[in-house]
2 protein chains.
Amino acid sequence: MSDVAALAGVSKMTVSRVLAGSGVAPATRERVQRAIDELGYVADAAAGALSSGRSAFAAVLVPSLASSNFSDTVRGLTAALEPQGLQLLIGDTDYDLEREERLVRSMLRHQPRCIALTGAQHTSGTRELLLRSGVPVVEMWDLPTSPIDAAVGFSNAKAAREMVRYLVERGYRRIGFLGGASELDRRGLERLKGYLQEVKMQGLGEPRVVRLGESPITMSHGAPALDALLHQWPDTDAVMCVSDMSAFGAIMQCRRRGLSVPGDIAVAGFGNFEVAACCAPTITTISVDAYGIGTRTGEALLAALAAQDGAAGATRASARKSVKIDFSVIARESA
Amino acid sequence: MSDVAALAGVSKMTVSRVLAGSGVAPATRERVQRAIDELGYVADAAAGALSSGRSAFAAVLVPSLASSNFSDTVRGLTAALEPQGLQLLIGDTDYDLEREERLVRSMLRHQPRCIALTGAQHTSGTRELLLRSGVPVVEMWDLPTSPIDAAVGFSNAKAAREMVRYLVERGYRRIGFLGGASELDRRGLERLKGYLQEVKMQGLGEPRVVRLGESPITMSHGAPALDALLHQWPDTDAVMCVSDMSAFGAIMQCRRRGLSVPGDIAVAGFGNFEVAACCAPTITTISVDAYGIGTRTGEALLAALAAQDGAAGATRASARKSVKIDFSVIARESA
DNA sequence: TTGAAAGCGCTACCAA
DNA sequence: TTGGTAGCGCTTTCAA
């Protein structure tokens with residue numbers, strides 16, 4: 001920066017002002033800009049952060065980047081935060097709460113302005129780190145009973161119940177559920193819980209649950225789970241799956257077994273992934289606006305930052321609100 | 001840090017050493033650690049970076065986080081770099097070279113130790129920024145003719161040619177190609193180029209190419225492209241697709257049209273995505289080790305950093321080597 | 001509108 | 001093994 005200042009014949013302070021875009025005479029500004037371009041100067045963000053006491057980072061933690069659900073959410077966050085000059089610091093927890101804590105600690109070292117986490121469950125260490133840091137936090141994809149700050153999500157249990165009701169309305173009675181195996185995937189467990197509640201409520205008899213393998217749930221979970229379900233309960237007339245991924249795997253397995261979908265057995269998914277719209281048959285599913293969760297989270301984060309800047313009295317508690325995201329059953333061919 | 005030092009009854013320097021893990025007497029170390037825990041102290045990475053002149057960041061740019069290809073590569077990079085204490089700074093270029101340049105500039109402000117880019121094509125501004133920064137660079141997923149530093153990838157054209165040869169061996173002659181529409185997706189264009197070369201080489205007559213819509217190629221591109229292909233060349237006996245995504249869409253469309261795969265028409269994909277293994281029929285494809293590209297890139301980056309530390313004479317040129325990643329045709333049911 | 005000085009929190013370096 | 005000092009490259013604050 002000294003070099004730039006010398007070349008432009010101004011002080012470092014003026015260069016700093018040009019970079020920040022604040023009150024500099026147009027002529028001076030242009031001279032400085034020319035010097036910057038000529039030298040290929042790139043300002044050091046670490047020095048700026050240290051000096052000003054505020055970084056330009058926003059931290060985001062998702063369980064998996066490979067899931068289109070979460071990568072859509074990250075895109076939404078990017079869309080909301082990047083125009084405000086925030087740089088995303090993205091971390092992949094791999095559905096591991098210990099790893100989440102390590103990542104939170106590591107990200108906190110960079111003094112992020114705000115942080116977005118996935119889910120309502122975290123280690124006590126994570127909560128403590130976050131609380132101590134004083135950084136605005138938004139939890140996504142769930143509606144925690146005791147949120148750290150704010151939350152943007154929906155009730156996975158309610159969504160699953162809605163799907164059961166949809167299937168019942170369509171005349172299905174012997175409904176199975178594939179998924180919810182892993183303690184790590186709380187959202188999957190919530191969906192299972194919703195299924196169990198509604199099966200009881202509707203008096204559909206004994207629940208028919210096949211718990212699949214590890215998170216994240218992938219397409220390949222679907223086939224063996226369907227086989228297991230039909231082995232134990234051969235008269236099952238509909239299956240709902242914890243995710244469109246496993247629903248797809250199940251449908252392909254039906255095809256291999258010579259079962260028609262939904263003629264012999266109906267199959268429903270969750271998430272409205274691309275495969276649900278493209279598969280033949282198209283897959284009935286729950287649509288959730290993953291991208292919207294990202295943008296809404298971004299907005300909540302920005303609001304918290306604005307509150308911080310504005311009223312010094314704006315307490316953490318005042319920002320503690322939940323944004324409920326809509327979901328809906330998308331009726332397609334498979335159920 | 002002063003607070004921690006005071007509480008532990010040592011100097012700041014000793015606290016710094018405990019954090020860095022270097023020569024401190026066990027008793028002192030423990031005392032300091034207790035103080036750290038008690039105060040919930042989290043070191044400021046920006047100050048450390050400024051002081052030491054080196055950050056703990058490794059920058060990564062991929063065209064899209066939603067593609068499992070690239071998210072696998074990011075996982076591989078994480079696996080290689082995180083154990084070395086490097087924190088990934090992940091950016092999503094959205095297949096936009098201008099955006100890539102902006103992201104590179106923005107990341108360079110954080111003084112990353114090294115940077116991984118996707119593809120061989122970049123704006124001249126990007127190249128200049130990178131060259132000037134002096135940071136080790138690895139380009140992934142391609143083998144550039146004039147790499148910036150090092151590269152880890154494969155020839156997408158050669159891979160496509162191998163697929164054409166495979167189809168010819170299987171007796172197909174009237175082979176179409178779906179994809180390669182967007183100038184933005186250089187790897188898709190390379191695959192198209194390989195198809196065209198091999199079709200000529202094998203004397204298969206007029207090429208049958210349907211260029212699909214925008215990047216990234218998704219499942220929904222497959223159906224309309226297949227329709228267009230069969231409309232223009234109804235006697236086509238095999239289709240190769242620029243990606244498993246579109247291959248899947250094409251196969252589902254065949255099903256809707258009552259065409260059996262591969263009986264009436266063979267379909268091949270590219271990338272060995274999960275859907276290729278789970279679809280019925282399973283999809284013949286080109287397998288590329290996306291995760292391995294990530295780990296190999298990470299290793300190349302670490303080697304460059306080690307060289308930097310070691311011999312001061314280690315020039316940029318000395319690191320300029322390409323790592324060739326293997327690919328292979330996975331023969332499955334669809335072709 | 002511009003400049004000068006102080007200092008952010010840490011680590012490199014040298015000394016004890 | 002430990003401590004003191006200097007300074008990293010910026011922004012804040014105040015003065016001109």
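Below, chain A is the first sequence line, B the second, and so on; all start at residue 1. Just so it is clear, the model here is predicted, and its values are computed rather than measured.
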With rounding to the nearest 0.5 Å, note down the distance linking CZ in A/Arg99 to CG in A/Asp94. 6.0 Å

Does CZ in A/Arg187 sit with more than 12 non-hydrogen atoms of other residues, nucleotides or ligands closer than 6.0 Å? yes

Take atom CG of A/Asp44 and atom C1' of C/dC10, then tell me their distance rounded to the nearest Å. 13 Å

Using a 4.0 Å heavy-atom cut-off, does B/Gly53 contact any base of the nucleic acid, only the sugar-phosphate backbone, or nothing at all? nothing

Could you check how far CE of B/Met1 sits from P of C/dA12, rounded to whole Å? 11 Å

For the residue pair A/Tyr95 and A/Phe70, categorise the inter-ring angle as parallel (less than 30°), tilted (30 to 60°) or perpendicular (more than 60°). perpendicular

Between the protein and nucleotides 3-6 of chain C, which nitrogen or oxygen pairs come in under 3.5 angstrom?
unit_1 : atom_1 : unit_2  : atom_2 : d
C/dG3  : OP2    : A/Ser11 : N      : 3.0
C/dG3  : OP2    : A/Ser11 : OG     : 3.1
C/dG3  : OP2    : A/Thr14 : OG1    : 2.5
C/dG3  : N7     : A/Arg17 : NH1    : 3.3
C/dG3  : O6     : A/Arg17 : NH2    : 2.6

For atom CD of A/Glu30 and atom C1' of C/dT1, their distance in whole Å: 17 Å

Opening and closing nucleotides of DNA chain D in contact with chain B, under 4.0 Å to non-hydrogen atoms: D/dT1 to D/dG9

B/Tyr41 vs C/dC10: side-chain N/O to OP1/OP2 distance below 4.0 Å: yes

Is A/Thr28 touching bases, backbone alone, or none of the nucleic acid, heavy atoms closer than 4.0 Å? sugar-phosphate

What contact category does A/Ala49 fall into here, base, sugar-phosphate, or nothing, at under 4.0 angstrom with non-hydrogen atoms? nothing

Applying side-chain contact (heavy atoms from CB on, under 4.5 Å) to B/Val42 and A/Arg132, what does each step give before you reach the verdict? CA-CA 10 Å; B/Val42 177; A/Arg132 270 182 143 137; over 6 Å; no

